[in-house]
Amino acid sequence: MERKWEAKLKQIEERASRYERKPLSSVYRPRLSKPEEPPSIWKLFHRQTQAFNFVKSCKEDVHVFALEYKVGDGQRIYLVTTYAQLWFYYKSRMPSGLHLAQIIIYLWKQKNLLHCYEVIPENAVCKLYFDLEFNKLANPEADGKKMVALLIEHVCKALQELYRVNCSAEDVFNLDSSTDEKFSRHLIFQLHDVAFKDNVHVGNFVRKILQPAFHLIASEDDDSISESMGHGFSHFPETPVKQGISFSKMSSDRDRGESQTQNSKERGRLGSAEQSSPDLSFLVVKNNTGEKHLFVDLGVYTRNRNFRLYKSSKIGKQVALEIAEDNRFFPKQSKTISEENQYFLSSLVSNVRFSDTLRILTCDTSQNKQKRVEYSHSTNTKGNIEGFHCSPYPEIDQFVLSLVNKNGIKGGIRHWSYFFPEELLVYDICKYRWCENIGRAHKSNNIMILVDLKNEVWYQKCHDPVCKAENFKSDCFPLPAEISLLFLFKEEEEFTAAETMNSDTKSPHKPPSGLLSEGAISDADWDNGLDETDFVEAAEDAELAAAAEHGLLGYCSGEGEIPDELIVQVLQE
DNA sequence: CAGCGCTACCACACCCC
DNA sequence: GGTGTGGTAGCG
C-alpha cells in the first residue's frame, strides 16, 4: 500500500512539473455545482481551536475530526466537514463514474481517513459511550464478551434507577478492535430521545455507577475483595468522585473506621435504603505489570476527547473498529441511507438527533453542584432545563437583554427555563417592567419574555395577577434572523437530503458534484486561518483554485486534469 | 513551524507533633 | 510524616 502511494506520488510530481512548464490558461468557467446542492466543506487545520472557530462561523452542520498523520508521536491535524461528506470519502467502496483526477483526490482523502477520530466537543450534547480494554495475556481467564454483557446490564439498570431511562443490549452499538494481545471494545449507547449534556457528565455518570468497583482495585491484597464489599455502599452513591481521589479517600475512610466524612455519612444513609452493592468484581482486570485496573477506561471523558471512528485504526496498527460478533444493535432500515452509513452515523458519539422530546441528562460531581447554585442550570424531572442569569443560548440572552435595556432602564435576566416539547425559552426579567397590556411599567410585578424557537418569534407576558387572570400575551414579534435557531432544524433536513444524494442507491453515473469539486480546492487550503502574513501562499492557492475549476470540475466536459502541485504539496505535509 | 487535555508522579516547601 | 504546590513526562 505504502509503495503504491509512493509510485502515485511520483506520478503526480511529474505531472506537476509539466504544469509548471505549460501553465493552465486562466479562462473563467463557472463551477458546475448547482446552487440547491449542499455546499462542499472540507477544511484542514493544524490547530483544534482554529477548526472549532471555523465550525462556529459555518452555517452548515459541520463537525471536527482529528486525523493521525505521522507514525510515532501521534501528531494530528483537524478536518472540518459534514458527516455526509466524510462518509462519502470514508466508505471503502469506490464510487463509479469518477474521472482520473477525481479518483486521485478520492484516494488521497480516503488514505488520510484511515486513522480518523471524532472530536467530541466540550459542552456538546452526546451519547453515553464506553472504551473497554484488557490485556488478554495478563487475564487468561477473563471472558470479554461476558464482561461486556454484564457491564451493559449494570449500565441499563443504572439508567433506569437514576433517570428512568429504559434500554437494553439492543440499544448498544458494540464495536470491536481486539488483537491477539488485547481485548478492546467501544460501546455507544443509542438511547431513544435521551442524551447527556456533554461527555464530562457522561464521565461523572460512569464513575458514579462504577464506584462499587473502585473499592475492589483500591485494596492491595487480592483476598480483601469480599470483605470490602460488605460496607453497605449504595448502588449509585450520591457523590461521584474522581477515580484518583476516590482511592485515597476510600482507603483512608476505611482506615479511620469510616465515619467522619460527609461522603461516608451519605453512603451510610443511602446504603441503608438500598440493597447491598452489585457485584462488579467482573470489571477488575490486571495490566501487564500485574496491577489491578478497571475493564472500563475512565480516561475518555475529557474535553474535546478524540474517539476513534468506526472502521478506523490507530496509526501504525492494522486493527480497525468493526462491528463486534456479539453486537445486538441494528439500525432502522432506510431507503435513502445505506446500512453501513447508518452504522457509521450511530457510532458517532456527538451525533445526537434533535427531537421535540429529547431529554438531556446531567450528572454533576459534588464540587460542581456547589458551583451550580451560582451559575445554575438544572434539569427538572421532565427533562426541561432552567437556570439563572444566562441560558445555554448566549445569542438569545443578548437579544432578550437588548429588549429590556431601553430608555435608560437596565433590565436583566433573573431566571430562565427551557421547555423541550415546546422549544420555548421563558425569561423572567428583573428591573424592567414595561407591560404591553397596560402600556406602562408595572409597579410591583415583573414581566417575562418568551422566546418561541419553533415559530421563531418572541412575546411578552407578566406576573401581574390582573394580566395573568386575562391570560395576557403580547403580539408575537419575529426573532432577528441571526439568532433564529430554526436553521438548526432545517439543517437536519438538509443533512437528510444530502444523505439521499450521496447514498449508494444514487445513480452510479453521477458523482456527487459539489463534494469533489470544492473539496479539491479546500484540500490545498490548509486553512491559514487569519494569518495575513501568508498572502503569498494565499495567492498561490487562488491560482490553484482557479486551476481546479478548469480541471477538476470538468467531469462532464471530460478535459479535466488535476491541479497536481496542490496535491503533491498536501501529500508531502 | 504546527495536537490536546489531562493525570500521575516527583521535588520541594511548609507545618505540626 | 503529613499536606499543599508547582512543574512535567507521558498516557489516552
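Quick note on labels: first sequence line is chain A, next is B, and so on, each numbered from 1.
- Using modelled atom types and a 3.5 Å distance limit, the side chains of A:Y310 and A:S346 yield no donor-acceptor pair.
- Relative to the side chain of A:D131, the nucleotides B:dC4, B:dA2, C:dG12 differ in distance, and C:dG12 lies closest.
- Side-chain atoms of A:N304 and A:E122 form a donor-acceptor pair, as typed in the model, at a separation below 3.5 Å.
- Rounding to whole angstrom units, NE2 of residue A:H293 and C1' of B:dA8 are separated by 11 Å.
- The shortest distance between the side-chain N/O atoms of A:R303 and the OP1/OP2 oxygens of B:dC6 is below 4.0 Å.
- Note: CD (A:Q75) to P (C:dG12) measures 19 Å, nearest angstrom.
- Going from atom CZ of A:R76 over to atom C1' of B:dC6 covers 14 Å, rounded to whole Å.
- Nucleic acid contact for A:R47: sugar-phosphate only, since backbone atoms but no base atoms lie under 4.0 Å from a heavy atom of the residue.
- A:L67 has its CG atom 14 Å from the P atom of B:dG3, to the nearest Å.
- Listed pair A:Q48 / B:dG5 meets the phosphate criterion, a side-chain N or O lying under 4.0 Å from OP1 or OP2.
- Distance noted for atom P between C:dA9 and B:dG3: 16 Å (whole Å).
- Rounded to an integer number of Å, the gap from A:F45 CZ to B:dC1 C1' is 18 Å.
- Using a 3.5 Å distance cut-off with no hydrogens or angles, the side chains of A:H115 and A:S313 do pair a donor with an acceptor.
- A:F54 carries A:K43 over the face of its six-membered ring, with the cationic atom under 6.0 Å from the centre and within 45° of the normal.
- Distance A:N287 CG to B:dA8 P: 14 Å, rounded to the nearest Å.
- Here A:N304 reaches the OP1 or OP2 of B:dG5: one of its side-chain N or O atoms lies under 4.0 Å away.
- The interatomic distance linking A:Y117 (OH) with B:dG3 (P) rounds to 16 Å, in whole Å.
- In this structure, a donor-acceptor pair under 3.5 Å is present between the side chains of A:R185 and A:N174.
- Residues A:T302 and A:E291 both approach DNA chain B. Their nearest nucleotides, taken by heavy-atom distance, put A:T302 toward the 5′ side.
- Within 4.0 Å (heavy atoms only), A:N306 reaches at least one base atom of the nucleic acid.
- When rounded to the nearest whole Å, the span between CZ of A:F130 and P of C:dG12 equals 18 Å.
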